[in-house]
Number of protein chains: 2
Amino acid sequence: MISEAEAVVMEVLWLHEPRSAEEILAEVGPTQGWQEGTVKSLLNRLLKKKAVQAARDGRRYLYSARLTREQYVSQQSKGLLDRLFGGRVAPLVAHFSEQRKLSKRDIAELRKLLEELDDEQR
Amino acid sequence: MISEAEAVVMEVLWLHEPRSAEEILAEVGPTQGWQEGTVKSLLNRLLKKKAVQAARDGRRYLYSARLTREQYVSQQSKGLLDRLFGGRVAPLVAHFSEQRKLSKRDIAELRKLLEELDDEQR
DNA sequence: GATCATCGTTTACGCCTGTAATTTTTCAGT
DNA sequence: ACTGAAAAATTACAGGCGTAAACGATGATC
């Protein structure tokens, strides 16, 4: 499984691939306060975990994701759902509702989503 | 922050408090395959993290949660939401919908939930 | 071809985690 | 008070993580 710091690197790859280590550092260094060596280490760990791949480009490598964001999001989401909500979505949403964490926009979008499901249905 | 193994211990405390280490072991040992020392260690770490408290009861302690399940669930859920869905609930639900992970029951419950929100509204 | 700057690779290191074994403390009974 | 069982506290230890420094390879330059 991929760690949180590793996920930060993946996110920038998912935005735009392939990228060199230098480009990734430029993207992520300022926000995270990471040095070059840190990014290099994370990339190597991701390589070892087969979450990214590297293609030589002259003296450097260009990295791209092998793990898709969809796959990652699914793993993480299912993990949380299973651990905390008995694997069901409605209780999760109910939780946020009780917490008053549903925005107007969320509610509108959820409504539309349910309508669309309704349409598919019939 | 509390780890996954620690969360397993918390879950049994949340079901019924307070409990002795022995009772917790009885609950969790078989399912997790943990020895006595393992549970004791986890309890001590949870004490250090102030997630549980212990009250002497003769030669042993009775443990109870200080962190509530609500607090824990909120932290975890918000963490996932922020990291993966821009902090918004609707995209999370959309994700599960696309993944065909919404059960009939989920859909029915979500519908009811939205109706209730509607009622509060007016 | 030797040298320097650049990448990448290897090693480091302290903290957290999972999983105990070991040691110490504490009652209960003699 | 002394001993033994039971509980708790301390220590252990390997692997992962965050964060880099050190080392090595490689291509560009003189």
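In what follows, every heavy atom counts, from backbone to side chain, and hydrogens, waters and symmetry copies are set aside. Residue numbering restarts at 1 for every chain, and letters A, B, ... go by the order of the sequence lines.
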Original post:
When you match B/Ser41 and B/Lys49 each to their closest nucleotide on DNA chain C, which lands nearer the 5' end?
Top reply: B/Lys49
**OP:** Please report, rounded to the nearest Å, how far the C1' atom of D/dA9 is from the CG atom of B/Leu43.
**Re:** 12 Å
Original post:
Can B/Glu109 and B/Arg105 be counted as an ion pair, charged N to O under 4.0 angstrom?
Top reply: yes
Original post:
With side chains defined as the heavy atoms from C-beta onward, is the minimum distance between A/Glu36 and A/Glu22 less than 4.5 Å?
Top reply: no
Subject >> Close side-chain approach of B/Met1 and B/Lys49, heavy atoms under 4.5 Å >> reply: no
Original post:
Hey, which of these two, A/Gly58 or A/Gln32, hits DNA chain D nearer its 5' end, going by closest nucleotide?
Top reply: A/Gln32
Original post:
Rounded to whole angstrom units, what separation is found between the CZ atom of B/Arg59 and the P atom of D/dA9?
Top reply: 15 Å
Original post:
Side chain of A/Arg19, backbone of A/Val12: donor and acceptor closer than 3.5 Å?
Top reply: yes
**OP:** Could you tell me whether A/Ser3 contacts a base, only the sugar-phosphate backbone, or nothing, with contacts defined as non-hydrogen atoms closer than 4.0 Å?
**Re:** sugar-phosphate
Subject >> Distance-only polar pair, side chains of B/Ser103 and B/Asp106, donor-acceptor under 3.5 Å >> reply: yes
Original post:
Under a 4.5 Å cut-off applied to non-hydrogen side-chain atoms, are A/Val39 and A/Leu42 in contact?
Top reply: no
Subject >> DNA chain C: 5'-proximal contact among A/Tyr63 and B/Trp34 (nearest heavy atom) >> reply: A/Tyr63
Original post:
In whole angstrom, what separates B/Glu4's CD from D/dG16's C1'?
Top reply: 14 Å
**OP:** Grab the OH-C1' distance between A/Tyr61 and D/dG27 for me, whole Å please.
**Re:** 14 Å
**OP:** Let me know the distance between CG of A/Leu25 and P of D/dT19, rounded to the nearest Å.
**Re:** 14 Å
**OP:** Could you check how far CD1 of A/Ile2 sits from C1' of D/dG16, rounded to whole Å?
**Re:** 14 Å
**OP:** Figure out the CG/C1' separation between B/Asp57 and D/dA8, and round it to whole Å.
**Re:** 14 Å
Subject >> Nucleotide D/dA9, atom C1' - distance to CG of B/Asn44 in whole Å >> reply: 6 Å
Original post:
Hey, is the side chain of A/Arg45 pairing donor to acceptor with the base of D/dG18 inside 3.5 Å?
Top reply: yes
Original post:
From the 5' end of DNA chain C to its 3' end, which nucleotides mark the outer limits of contact with chain B, defined by a 4.0 Å heavy-atom distance cut-off (strictly under)?
Top reply: C/dT17 to C/dA28
Original post:
Hey, does the side chain of A/Ser74 reach the backbone of A/Glu70 with a donor-acceptor pair shorter than 3.5 angstrom?
Top reply: yes
Subject >> Residue mapping more 5' on DNA chain D - nearest nucleotide basis, B/Ala21 or A/Met1 >> reply: B/Ala21
Original post:
Across the strands shown, which category fits B/Glu36 at heavy-atom distances under 4.0 angstrom: base, sugar-phosphate, nothing?
Top reply: nothing
